[in-house]
Amino acid sequence: MSEMQDIIELLKTKSSTKQEVYRITKDVFDDISNILEKKVSMLSSELHQTDNLINLEHESKGAFESHISFSGDRLVFHMHSNIFDFYPSHPIHKTSYVKQDSMRSFCGVIHIYNFLNDSFKYNRLNDVGNLIGRLFINKDRHFFVEGEKELGFLFNDFVNQELNLEYLEKIIDTSILFALNFDLLVPNFQDINLVNVHQILDMNNTHKL
């Protein structure tokens, strides 16, 4: 087979598959954004009957990023624009499902991050968030989630699970529950007893301490 034929074959198989996976992942991400918006509306309606102090908000940050904030937490859903395969040693390659069609291992990925809402409110650029989950989707809409606690074991049947709105709702609810149950712990006194002038100035200006 000539080089030109090799190129054509790869474009028809691998490149075409990656484009299809990208389109599916983008559709899934758009579904996530719609669910987040509806969830904020529903929860706000329920909570405002008993507590007007809890603020919930949904923000779209462009084509690949969507935020939901609740109480002191914020979840950031971010879709990567590239499509990925897994290392040859990854369990996904040992399944009969992928062995029957190697193109099934190419996945789009949507990251789920947990931040403090005040990090964005006060523009605390040095604050860090936690990656709590990664949602992988292939060309058949089969999926699995890597993540913290329940996110790490509720959605790991890649061979049989096909993503739908019910699964997405469950993934979002599980992520929100994880964030609500993840509490700040007071650091040891010895770890924070030395503060320099620059940190104090930053604290006065942007609440960065």
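Note that these values count all heavy atoms, side chains included, but never hydrogens, waters or copies made by symmetry.
Between Val145 and Ile112, every side-chain heavy-atom pair lies at or beyond the 4.5 Å cut-off. Asp85 places none of its side-chain heavy atoms less than 4.5 Å from the side chain of His90. Residues Arg74 and Glu59 form a side-chain contact, since some pair of their non-hydrogen atoms from C-beta on lies under 4.5 Å apart. For the pair Phe155 and Ile171, the minimum side-chain heavy-atom distance is below 4.5 Å. The shortest side-chain heavy-atom distance between Ile132 and Leu75 falls under the 4.5 Å cut-off. Side chains of Asp101 and Asp140 form no contact here, defined as non-hydrogen atoms less than 4.5 Å apart.
In this structure, Asp27 does not pair ionically with Arg23, as no charged nitrogen and carboxylate oxygen lie closer than 4.0 Å. We find that Glu146 and Arg134 are joined by a salt bridge, their nearest charged nitrogen and carboxylate oxygen being less than 4.0 Å apart.
Annotation for Asp73 and Ala179: closest pair OD2-O, 3.4 Å, computed over non-hydrogen atoms. When all heavy atoms of Met103 and Lys14 are compared, the closest pair comes out as SD-CA, 3.8 Å. Pairing each heavy atom of Ile24 with each of Arg141, the nearest pair is CG2-CG, 3.8 Å. Nearest approach of Cys107 to Asn138, heavy atoms of both residues: SG-CB, 4.0 Å. Of all the heavy atoms in His58 and Ser66, the pair that sits closest is NE2-OG, 2.8 Å. Shortest non-hydrogen contact noted between His142 and Asn160 is ND1-N, 4.2 Å.
Ser175 contributes atom OG, which lies 11.0 Å from atom CG of Leu180 (distance to the nearest 0.5 angstrom). Here Phe178 contributes atom CZ and Asn130 contributes atom CG; the two are 6.5 Å apart, rounded to the nearest 0.5 Å. In this structure, OH in Tyr97 is found 8.5 Å from CD1 in Ile92, a value given to the nearest 0.5 Å. To the nearest 0.5 Å, the span separating CZ on Phe29 from CD on Glu65 amounts to 7.5 Å. If you take CG on Asn164 and NZ on Lys170, they are separated by 13.0 Å, rounding to the nearest 0.5 Å. For the atom pair CG (Asp173) and CG (Leu168), the distance works out to 11.0 Å, reported to the nearest 0.5 Å.
For Phe144, the ring-ring contact (aromatic ring centres under 6.0 Å, His included) partners at least two apart in sequence or on another chain are Phe86, Phe136, Phe158. Ser41 is linked by a side chain to side chain contact (heavy atoms under 4.5 Å, CB included) to nothing, counting only residues two or more places apart in sequence or in another chain. Under the ring-ring contact (aromatic ring centres under 6.0 Å, His included) criterion, Phe120 pairs with His67, Phe115, not counting sequence neighbours.
Of the residues Met79, His78, His80, the one that meets the side-chain contact (heavy atoms from CB on, under 4.5 Å) test with Ile110 is Met79.
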